[in-house]
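Please read the structure below before turning to the comments.
Each residue takes its place number in the sequence, starting with 1.
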Amino acid sequence: QVQLVESGGGLVQAGGSLRLSCAASGRTFSRYPVGWFRQASGEERDFVAAITWSGSSTYYADSVKGRFTISRDNAKNTVFLQMNSLKPEDTAVYYCAARGSSWYPVSRERNDYDYWGQGTQVTVSS
């Protein structure tokens, strides 16, 4: 079993930066692909970024490419999402999620993820 806890959200002005963290329990977490998703009020939960278990490959939604960076520190069981040049449309609850096996590839589909955190609110003011 894996438990995920996000932190680092908050209120920031447009053009600013935030760094989200996703801390995991469970010794096998370092072998799982991890994704970040976000859900704006009244909207579906959308893919933001994902990273392979080794960190060697990363994937981004077009809307955040060039502004957000996903990374991980497997020794600390933590995945990060560095968000720069934030825009009001980035306002959402951000969730990290992990796939349930090292055999599974990284995915952009939320239904492919087995473990979810509780989310952290990011609000970008104009």
Side-chain angles (χ1 to χ4, degrees):
Q1 193 75 4
V2 173
Q3 291 185 325
L4 306 175
V5 179
E6 303 96 334
S7 62
L11 173 64
V12 64
Q13 289 188 332
S17 297
L18 284 174
R19 190 192 196 201
L20 305 184
S21 297
C22 174
S25 65
R27 57 186 177 89
T28 55
F29 174 77
S30 62
R31 302 292 295 182
Y32 295 166
V34 172
W36 283 97
F37 292 78
R38 66 186 181 186
Q39 188 169 18
S41 181
E43 303 291 330
E44 292 189 347
R45 192 170 298 188
D46 293 329
F47 171 77
V48 175
I51 190 167
T52 55
W53 71 267
S54 66
S56 60
S57 296
T58 56
Y59 305 85
Y60 298 95
D62 288 343
S63 58
V64 306
K65 199 172 296 183
R67 300 188 298 122
F68 290 12
T69 303
I70 188 171
S71 62
R72 67 192 299 165
D73 184 341
N74 284 339
K76 296 183 178 179
N77 267 9
T78 304
V79 174
F80 305 98
L81 186 67
Q82 178 67 43
M83 306 187 296
N84 298 330
S85 303
L86 283 162
K87 305 175 181 180
E89 51 263 43
D90 294 318
T91 295
V93 177
Y94 283 71
Y95 299 88
C96 69
R99 300 211 68 184
S101 171
S102 59
W103 293 101
Y104 298 156
V106 68
S107 173
R108 297 171 180 260
E109 301 297 325
R110 63 179 183 271
N111 290 336
D112 286 341
Y113 287 82
D114 301 285
Y115 303 107
W116 290 84
Q118 83 289 347
T120 185
Q121 176 71 46
V122 172
T123 303
V124 185
S125 63
S126 57

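- Residues Arg38 and Leu81 are not in side-chain contact: their nearest non-hydrogen atoms beyond the backbone lie 4.5 Å or more apart.
- Tyr104 has its side chain within reach of Asp114: a pair of non-hydrogen atoms, C-beta onward, lies under 4.5 Å apart.
- In this structure, the side chains of Leu20 and Met83 come closer than 4.5 Å at one or more pairs of heavy atoms.
- Hydrophobic cluster of Val106: the remaining members, joined at side-chain heavy-atom separations below 4.5 Å, are Phe37, Phe47, Tyr59, Val93, Tyr95, Tyr113, Trp116, listed by chain and number.
- Put simply, the side chain of Glu6 does not reach to within 4.5 Å of the side chain of Tyr94, judged on heavy atoms.
- The side-chain contact (heavy atoms from CB on, under 4.5 Å) test applied to Ser7 returns Ser21, not counting sequence neighbours.
- A distance-only check finds no donor-acceptor pair linking the side chain of Arg108 to the backbone of Ala50 [under 3.5 Å].
- Note that SG of Cys96 is 12.5 Å distant from CD1 of Ile51, once rounded to the nearest 0.5 Å.
- Between Ser63 atom OG and Asp90 atom CG the span is 7.0 Å, to the nearest 0.5 Å.
- Trp53 and Leu4 fall into different hydrophobic clusters, defined by Ile, Leu, Val, Met, Phe, Trp and Tyr side-chain heavy atoms under 4.5 Å apart, directly or through other members.
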**Asked** Going through the distances and angles, do Tyr115 and Tyr32 end up as a side chain to side chain contact (heavy atoms under 4.5 Å, CB included)?
**Response** CA-CA 10 Å; Tyr115 303 107; Tyr32 295 166; 4.2 Å; yes
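- For Glu44, the side-chain contact (heavy atoms from CB on, under 4.5 Å) partners two or more places apart in sequence, or in a different chain, are Asp46, Arg110.
- For the side-chain contact (heavy atoms from CB on, under 4.5 Å) test, residues two or more places apart in sequence or in another chain that qualify with Ser25 are Gln3.
- When all heavy atoms are compared, the tightest approach of Thr78 to Phe29 is N-CE2, 4.2 Å.
- Between Thr28 atom OG1 and Gln1 atom CD the span is 9.5 Å, to the nearest 0.5 Å.
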**Request:** Apply side chain to side chain contact (heavy atoms under 4.5 Å, CB included) to Leu86 and Gln13, showing your working.
**Result:** CA-CA 8 Å; Leu86 283 162; Gln13 289 188 332; over 6 Å; no
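- With contacts defined as side-chain heavy-atom distances shorter than 4.5 Å, the pair Val124/Glu89 does not qualify.
- Note: Gln121 CD to Thr91 OG1 = 7.0 Å, rounded to the nearest 0.5 Å.
- Arg72 CZ to Ser30 OG: the interatomic distance, rounded to the nearest 0.5 Å, is 7.0 Å.
- Residues Leu18 and Phe68 fail the side-chain proximity criterion, which asks for heavy atoms closer than 4.5 Å.
- Among all heavy-atom pairs drawn from Ala24 and Val2, the shortest one is CB-CG1, 4.3 Å.
- The minimum heavy-atom distance between Ala98 and Val34, with the atom names listed, is CB-CG2, 4.2 Å.
- At least one side-chain heavy atom of Asp73 sits under 4.5 Å from a side-chain heavy atom of Phe80.
- With Thr120 contributing its side chain and Gly9 its backbone, the two residues share a donor-acceptor pair below 3.5 Å.
- Judged by the 6.0 Å distance and 45° axis criteria, Arg67 is not positioned over the aromatic ring of Tyr60.
- A salt bridge (charged side-chain N to carboxylate O under 4.0 Å, His left out) check over residues 53-64, counting only residues at least two apart or in different chains, returns the pairs Asp62-Lys65.
- In this structure Pro105 satisfies the side-chain contact (heavy atoms from CB on, under 4.5 Å) test together with Arg99, sequence neighbours excluded.
- Nearest heavy-atom pair across Ala14 and Ser126 is CB-CA, 4.3 Å.
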